Number of protein chains: 2
Amino acid sequence: MARRLNLEEIGRRAGVSRSTVSRVVNGEPHVRSETKKRVEAVIAETGYRPHAAARSLASNNTGVIGLVIPSAVETLFDDPYFGRLILGISAATNEVDMTLALFLFGEEPDEGSIIYRVVTPGLVDGVIVTATTRGDPLIDHMQGADMPFVVIGRPDSARSTFCVDVDNRGGARAAALHLAALGRRRPALIAAPSNTTAGVDRRNGFLEGLSEVGLSVENRIREGDWTQGSGREAMSLLLTERPDAVFVASDRMAVGALRAISEAGLNCPGDISVVSFDGLVPPDLTMPRLTSVVQPVTEVGKRATRLLRSVIDGTSTTPEHVVFPTRLAVRESCGSAPPGS
Amino acid sequence: MARRLNLEEIGRRAGVSRSTVSRVVNGEPHVRSETKKRVEAVIAETGYRPHAAARSLASNNTGVIGLVIPSAVETLFDDPYFGRLILGISAATNEVDMTLALFLFGEEPDEGSIIYRVVTPGLVDGVIVTATTRGDPLIDHMQGADMPFVVIGRPDSARSTFCVDVDNRGGARAAALHLAALGRRRPALIAAPSNTTAGVDRRNGFLEGLSEVGLSVENRIREGDWTQGSGREAMSLLLTERPDAVFVASDRMAVGALRAISEAGLNCPGDISVVSFDGLVPPDLTMPRLTSVVQPVTEVGKRATRLLRSVIDGTSTTPEHVVFPTRLAVRESCGSAPPGS
DNA sequence: TCTATGCTTGGGAGCGCTCCCAGAAAGGGT
DNA sequence: ACCCTTTCTGGGAGCGCTCCCAAGCATAGA
C-alpha cells in the first residue's frame, strides 16, 4: 500500500518503464510527447521527487557544494563578511539548482574529524575553502584529497590551486595615494594580522603607495586582530605619535579607531583622516561615515561558485587566479567628501 | 589499478569480507580485535572513507540537516542574528558528526524550486525552518511533506509543530517595567513588523508591561522594518511627541534611533531612555552603550538541532514548544547603568 | 566424545537511481 | 511491398553500502 514512490512505481502507474520515467524526470529527449504528458501527470499527482542519495550513487555527483570556514569562527561571525559571502555563494548555487553545505570548524583542537567529513566521497561535489591564514594545513589536506576545490583569498603556499581573491594590495595602495592627495603627511597604519595573506597584502599595498609619494609610516604602525576592540586600542596607542591620517585594514577595527579618536577629544576628519578596508559596515552606522576600500564580497562568492562548477565538470583544468578589483568609496571620515555623496 | 576504494576493496586487502570491514567502520561489535586491527591498518593506509551517498541509500538516512531561511535574506544578513543562529546549529551538528545544508531563499517569486529541493528525499534527514513571518506558506508545505522539521520562532498558525522560540513577550514586558521603574512617564515604541510573530509578541509584551504600571504609549508608536534606517526615521517622527523613553524592538533599529536622537540635538539617556531588543550588536559599537533585552540565539540554534535530531530518530513524537527566557542587560542608554557594568 | 551456546565471519538481497544496449515501433525512400 | 534509418521504450547491470541470515568455529558443559 504505502509503497515508497520510486521510478518503478511511477512507471507502473503511468504504464511505462522505469527508464522512461527517468528520461521524463531528467528532461531527456526521445520520449513521445504523449507518453511524457502521461508520466508528468502521474508525477504531479503523486508529488514524486527522485531520491537524492540514489541519484548521487548512480550518477556519481551530488548536486551539493561545500563551503569550509575554518577556525576562529566565533569572532569572525560578528563580521558581515561571511554573511555576504554565503549570500553570494547561495545565490549562485540556487541558480544552478545546487545545494550548499556549510562546514564551520569550531574550536575543537582536532580539526581532524570535520576535515575528513569535508572530503568524504559522495557528500559534496566540490568545496570552496576560505583559508586566509598563512600556512593553513587545510589547503594541503585538500590537495591530497581527490576533491575539487576553490580557494577564496590568496593561499600563500599553493600556487597550484584555483582561487578567487580581491585586490587587497591595490586597494590599500589607493588608500595611501588618496590620503597623500589630501595633503596628509603623517600617516599611520592599523594593520590586520600578519598571519593572514589579506593582512599582509593590505599592509604592503599601503606602504607601497606611501613610498611612491615619498611618505612613510615610520613607527606609526600597529597590528590589530580584526576586532573592534583591537582597533580602538591600536588607535589610542598611535595617537601619542600625532598622526594626521590612519589607514585601518578593516571596517570593524576602524569603528574602534573612530571611538578611540573621539574619546581622545580629537576630531575625525578634522584632526585625523580615517580610511578603512572592506566596505561592509553600513556607512550610516558610524559618525562620520567611513571612507573605505570596498571589496565585492558577494561577487567573489558567486564567482568562486561558478569556478568550482567548472572545475567539477572538468571545464577548467589549469589552476586559475581570479582577482576582483577593489574600489575606494569616499565618504566623510577622510575629510574630502564631495557634497552629494 | 586505480579501482575505487570501497568496502570490498578494503576487505580484499585485509583478507576479510565487505561485511567485516563495514562492522569495523561503524564500530559495531562482534569483530575479533586482531581482525579489527588489521582492517583499521588498511583503512588508515589507504585513507578510505565510506561513500556517503551509498550509505544514505542503504541506511535511509543522510547525516545532513537543512536550515531554511526564507525570503528577505538580503537585508537580514546585515543582522548578526542569522550568523549566530548558524553558529549554534553548526556547533550542535558538529557534535554529533552531522552536516549542515543551507537553503537560502532568494528573491525569486517562485520559491517553488527551492522549497521542493528542501523536501527531496535522500538529501537531508530533517530541516530547521526559520519562519517568523505570519502565514508563511512554507510551514504548510512542510506539514504536507514527509520530512521531519522544527521551527525556530513561533509560527502563528500551526500548533502541531515542534518549535523553539525565545520569550519575546516577557522580554519586552521587562523592558517596559524597567523604564517605568526609572521614572519615565512618556514611553514610546518603535515596533518590529507586525507581519512577524516576534514583532507582535514584542509589541504586545511592551504594551502589557506598561499597562501593568498604568502607563501607555498613546500615539507614540511607529513600526520599523528591522533596518537601521527605519529606526532612525521612526525615532525622528516620534520626537515631535516628546517621549522621555523608547523601547525599540531590535538592536539595529535602535542604532538608527540613537542616531536620530543625537541628530535632533537631544541626549540619550539624559533626555530619552532607550532600551532595545536582541543583544546582538556589540555594546561598544554605540555611544551610549545600549541597554537591551538579550535573546540567547546560539542556544536556540543548538536546542533546535537537538530537538530535530530527536524528532528524526523518533524519540520525540508529540509536538513540543521550547521557549528560552530573555534577559535584560542594563547598560548606559537607559540611564541607570550601575557604575561597574 | 558429543552437543548446546556464543562469538565471528561471509555473502545474498536490496536501497532507487543512471547508463547503456538491444529490441520495438514508426517513418521514408525506392 | 521492402529495407533502412530514426525515434522511442524496456530491462540488465551496477553504483557502494547496510541489513540480515546462515555457516564456521571456538569453548564449555554433560
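All values derive from a computational prediction rather than experimental measurement. Residue numbering restarts at 1 for every chain, and letters A, B, ... go by the order of the sequence lines.
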State which of [options] makes the closest approach to the side chain of [X].
X	options	value
Ala58(A)	dG14(D), dT7(D), dT9(C)	dG14(D)
Ser59(A)	dT18(C), dT9(D), dC15(C)	dT18(C)
Arg18(B)	dG12(C), dT9(C), dC8(D)	dG12(C)
Thr20(A)	dC7(C), dT9(D), dG16(C)	dT9(D)
Leu7(A)	dT9(D), dC17(C), dC7(C)	dC17(C)
Arg23(B)	dG10(D), dG16(D), dC20(D)	dC20(D)

Please lay out, stage by stage, how Thr99(A) and Thr93(A) fare under the test side chain to side chain contact (heavy atoms under 4.5 Å, CB included). CA-CA 6 Å; Thr99(A) 298; Thr93(A) 52; over 6 Å; no
When all nucleic acid strands are considered with a 4.0 Å heavy-atom cut-off, which category describes [X]: base, sugar-phosphate, or nothing?
X	value
Thr35(A)	sugar-phosphate
Asn26(B)	sugar-phosphate
Pro29(B)	nothing
Pro50(B)	sugar-phosphate
His51(A)	sugar-phosphate

Note, Ile10(A) side chain near Asn6(A) side chain (heavy atom, < 4.5 Å): no
Contact check, side chains of Leu5(A) and Arg13(A), non-hydrogen atoms, under 4.5 Å: yes
I want to confirm an ordering. Mapping Val16(B) and Glu8(A) to their closest nucleotides on DNA chain C, which one lands closer to the 5' end? Val16(B)
Given atom [atom1] of [X] and atom [atom2] of [N], what is their separation to the nearest angstrom?
X	N	atom1	atom2	answer
Glu28(A)	dC20(C)	CD	P	11 Å
Arg55(A)	dG14(D)	CZ	C1'	18 Å
His30(A)	dC20(C)	NE2	P	13 Å
Arg12(A)	dT9(D)	CZ	P	19 Å
Asn60(A)	dC15(D)	CG	P	11 Å
Asn6(B)	dC15(D)	CG	P	8 Å
Arg32(B)	dC25(D)	CZ	C1'	10 Å
Glu9(A)	dG16(C)	CD	C1'	13 Å

Check: dG11(D) base within 3.5 Å donor-acceptor of Ser19(A) side chain: yes
Ignoring hydrogens and angles, state whether a donor on the side chain of Asn26(A) or Arg55(A) is under 3.5 Å from an acceptor on the partner side chain. yes
If we count only N and O atoms by modelled type, under 3.5 Å, do the side chains of Asp156(B) and Thr197(B) hold a donor and an acceptor together? no
So, OP1 or OP2 of dC17(D): does either fall under 4.0 Å of a side-chain N or O from Tyr48(B)? yes
Residue among Ile128(B), Val150(B), Val300(B) satisfying side-chain contact (heavy atoms from CB on, under 4.5 Å) with Thr305(B): Ile128(B)
